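Quick notes on the structure that follows.
Everything quoted here is computed from the prediction, not taken from an experiment.
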Amino acid sequence: MPPLSWNEIKSRALSFSREWADEASEDAEAKTFWNEFFHIFGIERKRVASFEQRVKKLDGRDGYIDLFWKGMLLIEHKSRGKDLDRAHQQALDYFPGLKERELPRYIIVSDFARFRLYDLEEDSRHEFALKDLHKNLRLFGFIAGYQTHAVREQDPVNIKAAERMGRLHDLMKETGYSGHALEVYLVRLLFCLFAEDTGIFQPQQFQEFIEQRTHEDGSDLGPQLSVFFHILNSPEDRRLKNLDEQLAAFPFVNGRLFEEVLPPASFDTTMRQSLLDCCGLDWSRISPAIFGSLFQSIMDKQARRNLGAHYTSERNILKLIKPLFLDGLREDFAKVRSNRRKLEEFHQKLRSLTFLDPACGCGNFLVIAYRELRLLELDILRVLHSGVQQHLDVRGLIRLNVDQFFGIEIEEFPAQIAQVALWLTDHQMNQQVSEEFGLYFARIPLKTSANIVCGNALRIDWNELIPAEQRLSYLMGNPPFVGAKFMNEGQRTDSALVFAGINNSGLLDFVTAWHVKAARMIQGTAIRCAFVSTNSICQGEQVGVLWSWMLAHGMKLFFAHRTFQWSNEARGKAAVHCVIVGFAAEEVQPKWLFEYEDIKGEPHCIAVNNINPYLVDAPDVVLHNRSTPVCTVPLIGIGNKPIDGGSYLFTEEEKAAFIDKEPQAAPLFRRWLGADEFLNGYHRCCLWLGDCSPAELRAMPEVLKRVEAVKRFRLASKSAPTQKLADTPTRFHVENMPEGDYLIIPKVSSERRHYIPIGFETPETLCSDLVFILSDATLYHFGVLSSVMHNAWMRTTCGRLESRYRYSASIVYNNFPWPPTPDDKQQQAVKAAAQAVLDARAQFPDSSLADLYDPLTMPPVLLKAHRVLDKAVDTAYGRRDFKSEAERVAFLFDLYQKYTASLLPLAAKGKKPGRKKKANG
């Protein structure tokens with residue numbers, strides 16, 4: 001039976017107050033008092049609560065609770081004028097004797113004339129006189145079935161619920177009940193648990209059915225639940241006439257949720273208790289937006305150890321849906337709210353909108369989108385029907401429904417959860433409308449459903465689910481993050497089908513297949529699309545592959561979140577650096593760019609003229625691999641690549657031991673630096689034999705052993721070119737040995753550093769291929785490359801190794817637009833500032849570059865020197881008023897566009913990067 005309207009409840013409350021205003025009320029009348037109190041809310045007291053419930057107190061003595069509604073409400077009644085504080089303490093004294101699932105959320109203490117309500121969940125207290133009961137009725141909405149909560153995604157009950165369902169899952173699986181049947185069974189139980197705490201069922205109706213109609217040993221629970229599921233799938237007028245009255249009281253659910261006939265499960269005492277423990281939670285506090293993902297994670301014990309890491313936070317979902325559609329709809333509402341006709345048209349427009357998440361998982365994005373649209377609709381109804389909220393029947397006025405939402409999910413279980421999560425959200429929103437407008441509204445039986453398809457999104461034609469040209473409004477979601485090198489064979493095959501016709505598509509991450517497929521779908525339409533993805537799709541080589549194709553097919557970016565850290569609270573879970581990109585097949589205005597000063601913090605929003613694939617306000621420029629620099633600067637090359645299996649590399653200790661055996665080899669050792677050695681202030685030694693004559697080699701037997709080991713290592717390779725190198729075992733595969741001083745740039749550097757540490761080296765030192773080398777570089781080149789201008793360009797255009805910067809010669813360095821026409825004074829200023837940076841480093845001889853450039857330990861003198869250098873380089877560019885890094889990058893892209901349009905000299909006329917040799921063959 002649906003809850004009474006608030007008007008009816010108020011009328012009953014006024015009568016109750018008048019009836020019990022008589023100061024001569026006796027204690028013997030307390031039971032009548034509370035029976036009639038429950039009657040105010042249309043609830044038969046004896047169905048939910050018991051008088052004089054015996055409980056064992058902490059001191060071992062028996063206590064008797066005046067009135068107890070398990071898991072919900074404890075009432076302690078006193079004679080008129082008695083101390084209510086003492087009554088409250090007496091109520092708390094009963095708690096140790098209660099099971100966890102029986103602990104109440106609310107305590108009421110009263111003496112006929114006064115009411116005091118404690119909400120233990122919200123830690124609140126309300127007190128008022130009997131005559132004011134009608135003014136405080138909404139505090140007791142939980143009795144009437146109007147209970148609402150501010151559902152919080154970080155509420156511990158979400159984790160607790162998932163853990164309890166996880167325990168039940170494990171127990172059922174141990175009996176052999178598994179696979180599809182177990183997944184559907186658990187989804188049904190989830191619905192029932194939610195239903196009895198949100199007004200779909202009567203309060204505790206499901207729990208009481210288990211407690212009162214099944215044996216404690218659980219032996220008949222499985223068959224009883226099978227009958228119960230059948231009843232929920234049967235209309236009331238088609239049920240057996242002699243059906244048990246407790247079963248017959250459950251409503252017809254429909255929605256195909258209980259349609260499939262499942263094999264009966266087998267329960268025991270522990271399993272029955274586990275299900276009752278689940279019933280003991282307040283499921284009205286559960287967030288459908290995140291519980292689905294938590295629920296899915298319980299299927300994997302390993303994943304369960306990190307509960308909390310396996311859902312997309314609501315905050316991050318809103319980062320996508322607000323600029324995609326919600327902010328615009330809110331603005332439209334503000335414009336039309338004072339015009340009734342236009343407001344009604346806008347309301348109808350909301351009903352026409354449709355949403356597709358082609359990687360929907362447990363439906364997080366769809367759920368939050370639907371909830372936010374329902375909240376917008378509620379605001380519309382408030383305006384359209386202001387002044388009549390307390391007696392408005394909104395059944396025919398609510399237009400939005402779950403059938404506006406479409407999803408594709410490759411796994412069956414999360415697809416089922418997504419469907420149920422949308423139903424649960426619909427019911428939560430219906431409760432909120434009912435609370436506000438005074439008449440209960442619930443869509444039971446379920447007549448409409450979200451359109452969730454279980455299948456492979458990269459092989460399904462999305463138009464078969466919802467035709468783009470006719471019906472689809474928005475595409476959105478959070479497709480799976482898998483790097484190009486880490487895809488399994490199935491993922492590689494699926495993405496290859498989508499990438500057909502895209503050059504170098506092997507460089508693309510798995511997530512980009514959704515971008516490409518979406519772009520194909522929305523061409524020629526007004527559909528707007530946004531996906532969350534790792535920031536790698538807007539950095540490095542992937543930009544040239546993905547976004548060249550996207551731009552060529554008419555895609556326009558209209559909002560973007562630059563790199564931010566995907567938040568999760570799980571221990572041991574690596575942070576993910578993400579971007580959100582919104583795009584359409586037409587121009588969309590205005591365009592919004594969300595920038596993060598702190599990637600863990602909140603963004604600030606900037607209106608921009610254009611958003612390019614690097615997510616800056618700049619022209620739609622895509623950087624391609626270049627073999628030479630775009631400006632007249634030294635060429636860049638990689639260090640040496642021995643391919644020796646480690647035979648030519650030594651620590652200082654190993655070198656000393658080797659020389660003891662082979663003294664003639666001492667002059668052949670060279671200092672050896674890779675990125676780690678360069679940054680962390682140590683070195684290794686390299687045995688360089690390239691300049692040795694055959695006679696010298698034959699005179700050193702220990703050296704020959706090393707040469708033989710290299711030859712065997714190369715011959716054992718599966719690579720034919722490497723096998724070929726075995727013909728010249730004393731030479732490196734790549735040899736880059738400058739004859740003069742040169743600059744080193746490490747290939748990989750920590751993302752925490754404001755500046756990539758670079759430095760000069762002498763020709764006596766050999767470098768590995770883990771660094772880049774610039775021969776003939778001057779202090780001017782060092783200064784520009786060490787500046788914030790170059791580092792801002794690097795951060796925007798480089799690739800990443802995990803989250804660390806991965807410098808690129810062909811993308812970062814060769815495309816970098818150097819200062820166009822610096823005069824001699826400007827160049828000298830840069831050189832002087834660059835030398836000051838080197839001098840500041842030299843003041844700390846015991847500190848490595850990693851020490852010096854750690855943001856927490858960077859010496860003030862070095863930081864000051866860098867800031868002076870930054871100003872000198874800015875002056876060389878002709879600008880000194882940059883307000884943000886994004887503004888710097890936008891400036892550089894404008895300059896790059898001018899350079900590549902041949903407005904300034906481009907030819908790289910620098911010398912070759914050192915004496916570069918290749919092994920013979």
Side-chain angles (χ1 to χ4, degrees), residues 319 535-540 543 557 559-565 577-581 591-623 745 749-758 783-800 803-808 811-813 815-819 830 833 837 853-855 858 862-897:
K319 286 178 181 179
N535 60 0
S536 55
I537 73 164
C538 293
Q539 299 170 339
V543 177
L557 280 65
F559 86 87
H561 281 262
R562 302 190 76 203
T563 297
F564 64 96
Q565 185 167 302
H577 293 82
C578 293
V579 295
I580 302 173
V581 181
K591 299 178 188 290
W592 299 101
L593 195 58
F594 296 84
E595 295 186 353
Y596 293 78
E597 291 183 10
D598 177 1
I599 62 172
K600 298 178 183 178
E602 291 300 314
H604 57 274
C605 182
I606 303 171
V608 295
N609 295 318
N610 189 59
I611 302 174
N612 79 2
Y614 297 92
L615 309 188
V616 293
D617 182 6
D620 285 332
V621 172
V622 173
L623 304 179
I745 304 177
S749 183
S750 170
E751 78 284 358
R752 296 180 59 249
R753 298 181 182 125
H754 299 307
Y755 305 93
I756 289 183
I758 67 175
V784 174
L785 293 175
S786 297
S787 71
V788 70
M789 286 293 276
H790 177 254
N791 278 273
W793 173 265
M794 176 277 301
R795 274 187 280 273
T796 300
T797 60
C798 76
R800 301 276 174 147
S803 59
R804 292 173 290 163
Y805 304 132
R806 182 164 56 187
Y807 198 89
S808 162
I811 295 290
V812 179
Y813 181 83
N815 285 299
F816 177 59
W818 289 67
V830 171
V837 168
Y853 283 87
D854 186 315
M858 190 174 191
L862 179 57
L863 179 60
K864 182 179 179 180
H866 265 285
R867 287 176 174 169
V868 172
L869 175 60
D870 292 339
K871 290 179 181 179
V873 173
D874 286 355
T875 300
Y877 276 101
R879 283 282 301 271
R880 297 193 64 174
D881 57 348
F882 296 108
K883 297 181 176 64
S884 68
E885 182 163 301
E887 191 175 323
R888 289 180 181 277
V889 177
F891 169 82
L892 290 171
F893 271 110
D894 284 331
L895 192 58
Y896 173 84
Q897 193 174 45

Could you go through the ring pair (Phe, Tyr, Trp, His ring centres under 6.0 Å) check for W818 and F816 one step at a time?
CA-CA 6 Å; W818 289 67; F816 177 59; 5.6 Å; yes
Y614 vs C538, test: side-chain contact (heavy atoms from CB on, under 4.5 Å). Steps then yes/no.
CA-CA 5 Å; Y614 297 92; C538 293; 5.9 Å; no
Could you go step by step and tell me if L615 and L557 meet the side-chain contact (heavy atoms from CB on, under 4.5 Å) rule?
CA-CA 9 Å; L615 309 188; L557 280 65; 3.9 Å; yes
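Summarising the geometry, atom CG belonging to L869 is positioned 9.5 Å from atom CG belonging to D874; distances are rounded to the nearest 0.5 Å. Remark: N535 CG to C578 SG distance equals 7.5 Å, nearest 0.5 Å. Note that the OH atom of Y853 and the CG atom of L863 stand 10.0 Å from one another [nearest 0.5 Å]. The distance from the NE2 atom of H866 to the NE2 atom of H754 is 11.0 Å, given to the nearest 0.5 Å. The CG atom of L895 sits 7.0 Å away from the OH atom of Y877 when rounded to the nearest 0.5 Å. Atom-to-atom distance recorded for Q565:CD and D598:CG is 8.5 Å, nearest 0.5 angstrom.
D620 has its side chain within reach of P613: a pair of non-hydrogen atoms, C-beta onward, lies under 4.5 Å apart. A 4.5 Å side-chain heavy-atom check between I599 and E751 finds every atom pair outside the cut-off. For the pair R806 and I811, the minimum side-chain heavy-atom distance is 4.5 Å or more.
Side-chain N or O atoms of Y596 include none that pairs as donor or acceptor with a backbone N or O of P603 at under 3.5 Å.
In this structure, the side chain to side chain donor-acceptor pair (under 3.5 Å) partners of D854, at least two apart in sequence or on a different chain, are R752. Under the side chain to side chain donor-acceptor pair (under 3.5 Å) criterion, R879 pairs with D881, E887, sequence neighbours left out. By the side chain to side chain donor-acceptor pair (under 3.5 Å) test, R795 pairs with E885, sequence neighbours left out. For F559, there are no ring-ring contact (aromatic ring centres under 6.0 Å, His included) partners at least two apart in sequence or on another chain. N815 pairs by the side chain to side chain donor-acceptor pair (under 3.5 Å) definition with Y896, not counting sequence neighbours.
In summary, D617 and K591 do not engage in a salt bridge, as defined by a charged side-chain N under 4.0 Å from a carboxylate O.
Cation-pi geometry between K319 and F564 is satisfied (NZ or CZ under 6.0 Å from the ring centre, within 45° of the ring normal).
Across all non-hydrogen atoms, the minimal contact from V837 to L862 is O-CD1, 3.8 Å. Minimum heavy-atom separation, A618 to N610: O-ND2, 2.7 Å. I611 and A560 get closest at one heavy-atom pair: CD1-N, 4.0 Å. Of all heavy-atom pairs spanning S786 and Y755, the tightest one is O-CD2, 3.2 Å.
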Would you list the atom pairs, donor with acceptor, under 3.5 Å between side chains in residues 787-794 and any protein atom, with sequence neighbours excluded?
from, atom 1, to, atom 2, distance (Å)
S787, OG, V784, O, 2.7
S787, OG, M789, N, 3.4
S787, OG, H790, N, 3.4
H790, ND1, L785, O, 3.0
H790, NE2, Y807, OH, 2.8
N791, OD1, I756, N, 2.8
N791, ND2, S787, O, 2.8
W793, NE1, V812, O, 3.0

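Partner of R562 under the side chain to side chain contact (heavy atoms under 4.5 Å, CB included) criterion, out of I580, V579, L593: L593 alone.
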